Amino acid sequence: MKIKDFLRKSIESKYFLLIFFLFWFLLFSSLSFFRDAQLDENIYIADSVTISNILRNFEWIGNHGVGLHGFLSKLLLGIIFLFTGPSVFIATFLNIVFSLLSGVLFYHLLSNHFKLGKRYSLLGVTLLFTSYQFITYTPTFYRDIESVLLLLLVLNSVLSGRNKWLTGFFLLLLLDSKEHVFYTVAPAFLLWVGIESYINNKGDIWKTIKEFTFNNLKLFLLPLIFLILMFTTSIIPLNIYNANILGLIEEGIEPMVSNFDLEMATHNRDIEVNKETAEVVPTVSTPDSTSSILSGIITSFNIAISYVGKILYPRTFSFLSIPFVVLIPSIFSAWGYFLECLKKKKTEGILLPILLILFLVIYVSHASISRYILPISPVIFLFFLLFLTKFPKDEGIAKRALVFTIAFTIAGLYFEYSYVSIKIIINLILISLLLLVYFRKLNGEFLKYLLIILLSIFSIGTALMASYKYGQIRGYLLYGYNRECE
């Protein structure tokens with residue numbers, strides 16, 4: 001009891017929140033000393049150096065090729081470089097600041113908008129901070145962490161009921177930080193505004209159309225102006241990927257559409273590096289003499305089984321992104337929350353489940369890699385926390401979620417090819433805890449805390465092990481800091 005009381009008093013202390021984020025700052029900072037900047041990251045840092053040199057000559061950067069995948073964070077870093085000089089450490093430190101701000105915003109969302117309390121809000125931030133992709137890309141200068149921060153800004157703006165012009169400004173920043181995230185979430189906002197307009201106007205069609213049009217103007221006018229200035233003036237540096245997505249290149253829209261091609265979208269990327277052990281889902285061949293009806297059935301089956309395979313492959317959903325033990329309960333929780341918001345006409349809350357479902361649909365149907373799930377991960381963790389704290393009371397949702405979680409976890413393990421026995425044990429432990437939470441055989445709160453803590457430990461352990469064997473830590477040990485070996 002003394003230890004329990006000590007922990008409770010420590011958590012409730014007014015200084016604990018500061019200590020919590022200070023701990024993560026120190027951890028992220030320690031990882032920044034094992035740097036091995038590569039690929040696109042080097043391009044972004046080089047662009048920042050170029051921006052710094054241009055600004056030093058009192059010129060603007062609009063006519064220069066520094067807009068690849070956005071320019072605002074590069075501009076901020078370039079201004080800092082004016083005082084510090086070029087530095088990979090400074091670039092990494094800026095990204096760590098973005099990570100911590102993301103945690104602060106997520107904590108605010110959990111504690112203020114969803115009233116989850118201090119403990120669950122801190123555990124939610126811990127789930128985010130320890131997730132594989134977050135811990136991997138925090139000590140870098142990739143765009144992913146910035147997109148998490150800006151999407152959280154957008155969501156906090158919506159849930160706070162702020163003016164949609166402000167939300168539109170945050171969407172503009174999201175468009176610059178990671179353009180494909182903006183285009184992925186845009187359909188969810190269109191659908192949300194449509195539902196909100198319909199509810200607010202009690203089904204009156206003309207009023208609904210008017211509100212729908214005006215609110216979408218508020219949300220998307222600033223991003224539209226940003227794109228027009230980018231393509232027609234020297235004010236905004238060109239990001240060619242916007243032109244690619246919008247079909248403004250010579251090949252038109254074909255390169256963008258090709259990413260939704262069945263073969264490309266459902267390809268198991270593990271085959272490229274593990275041909276002997278990686279598995280793919282089997283498809284049915286169509287004999288030449290097959291009737292058109294049977295051929296259509298076989299084709300439909302092959303399409304469906306290919307997407308099922310995409311869902312089950314480790315690089316889509318696993319501890320490399322989001323494990324099924326978190327994802328499936330989150331989806332069921334999101335559906336329950338959506339129905340609840342519709343019933344109570346809580347129009348701001350409707351956005352979150354719509355956003356999650358549409359994001360996942362595009363993530364699965366588009367050629368993707370595991371880090372593409374990172375921007376939506378706070379929403380997934382939010383609904384996982386709601387599942388643990390609220391939906392055990394709804395036995396229908398909880399029971400179906402548990403059945404699907406077990407089924408997808410078992411099926412997903414079939415496609416694992418490394419450390420399989422360890423992964424089986426880990427998933428067995430986590431699912432057992434989830435079942436105990438559902439059946440409430442022991443102290444429910446303790447089991448929920450234990451489940452979240454074990455998830456966090458397994459996630460960060462996976463990320464650090466991968467970094468040690470294949471990633472930045474390995475590069476540092478082999479070649480020195482940022483490959484500056486002596």
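Quick caveat, the model's predicted, so the values are computed rather than measured.
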Taking the six-membered ring for Trp, is the centroid-to-centroid distance between [X] and [Y] below 6.0 Å?
| X | Y | value |
| --- | --- | --- |
| Tyr337 | Phe114 | yes |
| Phe383 | Phe338 | no |
| Phe319 | Tyr132 | no |
| Phe332 | Trp335 | no |
| Phe89 | Tyr481 | no |

Backbone N/O of [Y] and side chain of [X]: donor-acceptor pair under 3.5 Å:
| X | Y | answer |
| --- | --- | --- |
| Ser157 | Leu153 | no |
| Gln472 | Asp36 | yes |
| Ser234 | Gly62 | no |
| Asn216 | Leu190 | no |
| Lys115 | Asn112 | yes |
| Asn201 | Ser197 | yes |
| Thr316 | Leu312 | no |
| Lys310 | Val364 | yes |
| Asp176 | Leu72 | yes |
| Trp192 | Ile350 | no |

Under a 3.5 Å cutoff, is there a donor and acceptor pairing between the side chains of [X] and [Y]?
| X | Y | value |
| --- | --- | --- |
| Glu211 | Asn200 | yes |
| Asn95 | Tyr142 | no |
| Ser32 | Thr92 | no |
| Ser370 | Ser321 | no |
| Thr140 | Glu41 | no |
| Lys74 | Thr50 | no |

Distance, nearest 0.5 Å, that separates [atom1] of [X] from [atom2] of [Y]:
| X | Y | atom1 | atom2 | result |
| --- | --- | --- | --- | --- |
| Ser73 | Phe141 | OG | CZ | 4.5 Å |
| Thr283 | Phe301 | OG1 | CZ | 8.5 Å |
| Ser99 | Phe93 | OG | CZ | 11.5 Å |
| Asn156 | His108 | CG | NE2 | 6.0 Å |
| Ile135 | Ser459 | CD1 | OG | 10.0 Å |
| Ile225 | Leu172 | CD1 | CG | 9.0 Å |

If every non-hydrogen atom of [X] is compared with every non-hydrogen atom of [Y], which pair is closest and at what distance?
| X | Y | value |
| --- | --- | --- |
| Leu229 | Ile235 | CD2-CD1, 4.2 Å |
| Ala265 | Ser365 | CB-O, 3.2 Å |
| Val325 | Phe384 | O-CE1, 3.5 Å |
| Ser147 | Ser177 | CA-OG, 3.8 Å |
| Leu100 | Phe25 | CD1-CD1, 3.5 Å |
| Gly70 | Asn239 | N-ND2, 3.4 Å |

Can you check whether [X] reaches [Y] side chain to side chain, under 4.5 Å on heavy atoms?
| X | Y | answer |
| --- | --- | --- |
| Leu191 | Ile195 | yes |
| Val326 | Phe317 | no |
| Tyr107 | Leu122 | yes |
| Thr266 | Val281 | no |
| Glu179 | His69 | yes |
| Tyr363 | Thr184 | no |
| Leu464 | Tyr468 | no |
| Gln133 | Asp144 | no |

Flag if over 12 foreign heavy atoms under 6.0 Å of [atom1], [X]:
| X | atom1 | answer |
| --- | --- | --- |
| Phe260 | CZ | yes |
| Phe214 | CZ | no |
| Phe231 | CZ | yes |
| Tyr198 | OH | no |
| Tyr307 | OH | yes |
| Tyr476 | OH | no |
| Phe169 | CZ | no |
| Phe404 | CZ | no |

What's the verdict on side-chain contact (heavy atoms from CB on, under 4.5 Å) for Phe81 and Ser48, showing C-alpha distance, side-chain angles and the deciding distance? CA-CA 8 Å; Phe81 281 171; Ser48 300; 3.9 Å; yes
Could you check Leu360 against Ile331 for side-chain contact (heavy atoms from CB on, under 4.5 Å), going step by step and ending with a plain yes or no? CA-CA 10 Å; Leu360 291 176; Ile331 293 173; 3.9 Å; yes
Verdict with supporting geometry, Leu382 and Leu356, side-chain contact (heavy atoms from CB on, under 4.5 Å): CA-CA 11 Å; Leu382 160 66; Leu356 173 60; over 6 Å; no
Ring-plane angle category for Phe226 and Phe71, please: parallel below 30°, perpendicular beyond 60°, tilted otherwise. parallel
What's the verdict on side-chain contact (heavy atoms from CB on, under 4.5 Å) for Tyr120 and Leu110, showing C-alpha distance, side-chain angles and the deciding distance? CA-CA 8 Å; Tyr120 278 111; Leu110 295 173; over 6 Å; no
Among Phe23, Phe98, Phe129, which residue meets the ring-ring contact (aromatic ring centres under 6.0 Å, His included) test with Phe28?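 With Phe28 as partner, ring-ring contact (aromatic ring centres under 6.0 Å, His included) holds for just one option, Phe129.
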